[in-house]
Amino acid sequence: MAELLEVKGEIRFKIQAYQKAARAVAEHPRPLTGIHEEGGLSALMEISGIGEGLGKKIGELITTGRCAAYEKLKAELPPGIPELLEVPNLGPRTALSLAKNLGIKGVTDLEKAIKTGAIRGLPRMGVKLEEKLLRGIALWRQGRERMPLGLALPRAQEMVAALLSLPGTKRAEYAGSLRRMCETVGDLDFLVSPKSAGDAPGILKAFVSLPGIAEIVAHGDTKASVRFKDGFEADLRVVDDDAYGAALHYFTGSKTHNILIRELGVRKGLKISEYGIFRRGKRVGGRKEEEVFRAVGLPFIPPELREGAGEIEAAAGNSLPRLVTEDSLKGDLHVHSSYSDGTAGLEELARAAKKMGYEYLAVSDHGRSLKIARGLSVTELRKKNREIDRVNRLLSGFRLLKAAEVDILEDGSLDYPDDVLAGLDVVIVSVHTRFNLDSAAQTRRITKALAHRHAMILGHPTGRLFGQREPCAVDLDAVIRAARDHGKALELNGQPDRLDLSSGPLRRARELGVPVTINSDAHTLEQLAGYRRFGVGTARRGWLEPRDVLNTLPLGQLLKRLHR
DNA sequence: GCCGTTTTCGGCCCGACTGTTTTCAGTCG
């Protein structure tokens with residue numbers, strides 16, 4: 001609606017109010033349907049940016065699936081505008097002009113009009129703009145996929161190394177959604193400060209000359225933007241070292257967070273931008289990122305929390321969570337060995353985990369029904385457990401735990417008999433089949449499994465795989481409440497393809513006192529070490545503290561908690 | 001349209017790059 005209001009020529013501040021509300025909805029840790037169910041309009045209006053007008057419209061959308069004001073607005077404008085607005089480089093002014101002057105009703109029309117030279121006659125439209133629009137149409141056709149964190153992070157680290165190796169570079173790092181450890185990122189953002197002002201052009205030049213670039217989208221004095229042949233997009237910003245901290249804050253975002261911080265600044269008579277912190281035109285800070293927060297009277301807010309989803313209020317009330325760190329994990333409760341579909345043997349897994357500083361490792365191979373992953377029969381499981389005993393006698397100050405990732409069958413029962421489950425240290429229960437049940441059936445299935453006396457942890461609760469499989473239809477809130485009622489834990493699966501649960505449900509679990517385990521679900525030795533940071537990063541986005549995470553407990557307490 | 005240790009009215013974050021201009025509009029972040 002904000003975009004359509006912009007086309008219509010509404011006043012800027014009304015448009016901004018809609019945009020702000022849209023971001024507040026998108027970034028809210030819980031789906032608004034649940035909030036509306038519990039507290040109605042007044043609960044919606046408690047969300048900052050949503051007032052009476054927009055609250056009613058959202059409520060209407062939730063209860064009826066429609067919004068009369070939106071439909072009215074759409075009817076007032078030429079048809080095809082919403083589609084045109086999806087095209088990169090094509091905004092509200094151009095869309096309206098194309099629709100009004102040439103009767104263009106969509107992307108196909110637009111392409112024809114460009115080819116026949118029809119748009120060249122319009123004001124402020126020339127050859128360059130034609131080219132720009134054609135590039136936008138090509139991108140629109142491709143569809144823009146976000147990159148999973150697991151691919152983006154190593155790529156960004158390589159690029160930071162390349163930027164740091166330039167002779168004129170003083171400081172360089174990646175920022176943006178990647179620094180906030182978002183589970184997928186739209187592009188890669190880099191920040192560099194030059195050793196001296198004269199070094200900036202060379203740094204930008206080097207950036208747009210990196211190998212594998214398909215297109216230089218922009219290349220100015222302080223900023224450049226490129227697209228690589230493999231689809232990655234990257235932005236570089238070069239600022240004076242004096243402004244590096246302010247720029248890092250700005251470039252890390254999120255946009256909502258930045259706006260909130262800048263508004264706080266305005267109230268204190270400050271202007272905050274990527275160039276620093278200013279009072280009456282005079283610079284009062286910006287070299288270090290901490291200075292931005294200090295200027296508005298807040299403690300440092302970790303990047304993973306900067307979503308404009310309550311972190312500013314928490315910081316102001318001195319109630320920011322003390323987030324879990326990689327160091328605080330004392331073990332991993334979900335890895336696979338060569339007994340099922342993993343590649344590493346038990347002893348090498350144990351030694352690798354011990355080397356990481358872990359006290360324990362649960363080797364949770366698949367249960368017998370999951371044939372595709374070479375799930376273990378009861379006999380094989382017993383044999384594996386005897387080898388675990390043998391390995392444990394070899395190592396001191398470390399313990400392999402007997403575990404299984406047991407399938408939740410379609411009726412909600414588990415894949416091993418109770419007497420087998422009773423002999424295990426850790427029982428993870430997971431869905432691996434029939435992801436397509438309807439929400440009621442899937443929710444029944446999972447909550448029944450959580451009620452099982454031997455179940456301890458629900459593995460990868462939604463089953464999603466980025467780019468491959470949507471989360472299964474399930475009432476997550478009901479699952480989280482079931483975990484609370486039965487005293488069970490939820491897994492945060494740290495495989496970068498999964499990152500399941502994500503930050504919203506994690507916050508909800510924390511709110512309801514449901515413990516989480518951060519697991520790698522590693523199938524190789526490399527994954528055991530490599531996936532920890534993805535799991536911890538996502539946990540931090542979910543506001544989790546060490547006390548919310550079971551595998552920060554020492555072994556004795558962990559087992560006591562799992563078996564209570 | 002939203003919001004309030006400046007305010008229930010009068011404000012609303014801040015800036016870069018491109019293209020078509022000769023002072024700025026449009027798009028994007």
Exercise. Can A:Arg66 and A:Glu60 be counted as an ion pair, charged N to O under 4.0 angstrom?
Worked result: no
Exercise. So, is A:Ser48 close to the B:dC2 phosphate, meaning a side-chain N or O under 4.0 Å from OP1 or OP2?
Worked result: no
Exercise. In whole angstrom, what separates A:Leu270's CG from B:dC14's C1'?
Worked result: 14 Å
For this session: Select one nucleotide: of B:dT27, B:dC12, B:dG29, the one nearest the side-chain heavy atoms of A:Glu263.
Result: B:dC12
Problem set entry | Salt bridge flag under 4.0 Å for residues A:Asp548 and A:Arg510 | yes
For this session: Could you check which residues of residues 12-35 of chain A get a heavy atom under 4.0 Å from DNA chain B? Sort them by number, please.
Result: A:Phe13, A:Lys14, A:Gln16, A:Ala17, A:Tyr18
Exercise. With the threshold set at 4.0 Å, does a side-chain nitrogen-carboxylate oxygen contact exist between A:Arg294 and A:Glu291?
Worked result: no
For this session: With heavy atoms under 4.0 Å as the rule, sort A:Pro123 into base, sugar-phosphate or nothing.
Result: nothing
Exercise. Can you check whether A:Lys271 has a side-chain N or O nearer than 4.0 Å to OP1 or OP2 of B:dG15?
Worked result: yes
Problem set entry | 5′-ward residue of the pair A:Gly53/A:Tyr275 relative to DNA chain B | A:Gly53
For this session: Would you indicate which nucleotide in B:dT20, B:dC13, B:dG15 comes nearest to any side-chain atom of A:Ile259?
Result: B:dC13
Problem set entry | Residues from residues 285-304 of chain A lying under 4.0 Å of DNA chain B - heavy atoms | none
Listing time: all N or O pairs from protein to nucleotides 4-8 of chain B that are below 3.5 Å?
none

Problem set entry | Partner residues of A:Glu233 under the salt bridge (charged side-chain N to carboxylate O under 4.0 Å, His left out) criterion, sequence neighbours left out | A:Arg144
For this session: Pick the C1' atom in B:dG29 and in B:dT22, then give their distance to the nearest Å.
Result: 28 Å
Problem set entry | By side chain to side chain donor-acceptor pair (under 3.5 Å) - contacts of A:Lys56 (at least two apart) | A:Glu52
For this session: Considering just the side-chain nitrogens and oxygens of A:Tyr250, establish if one lies under 4.0 Å of OP1 or OP2 belonging to B:dC13.
Result: no
For this session: Identify, residue by residue, the members of residues 217-243 of chain A with a heavy atom below 4.0 Å from DNA chain B, and return them in order of residue number, or none.
Result: A:Ala218, A:His219, A:Gly220, A:Asp221, A:Thr222, A:Lys223, A:Arg237
Exercise. Ion pair present between A:Glu289 and A:Arg306, side-chain N to carboxylate O less than 4.0 angstrom?
Worked result: yes
Exercise. Which nucleotide in the list B:dG19, B:dT27, B:dC13 gets nearest to the side chain of A:Arg124?
Worked result: B:dG19
Exercise. Which residue lies toward the 5' end of DNA chain B, A:Ile50 or A:Asn258, if each is placed at its nearest nucleotide?
Worked result: A:Ile50
For this session: Could you give the distance separating B:dG4 and B:dG15 at their C1' atoms, to the nearest angstrom?
Result: 27 Å
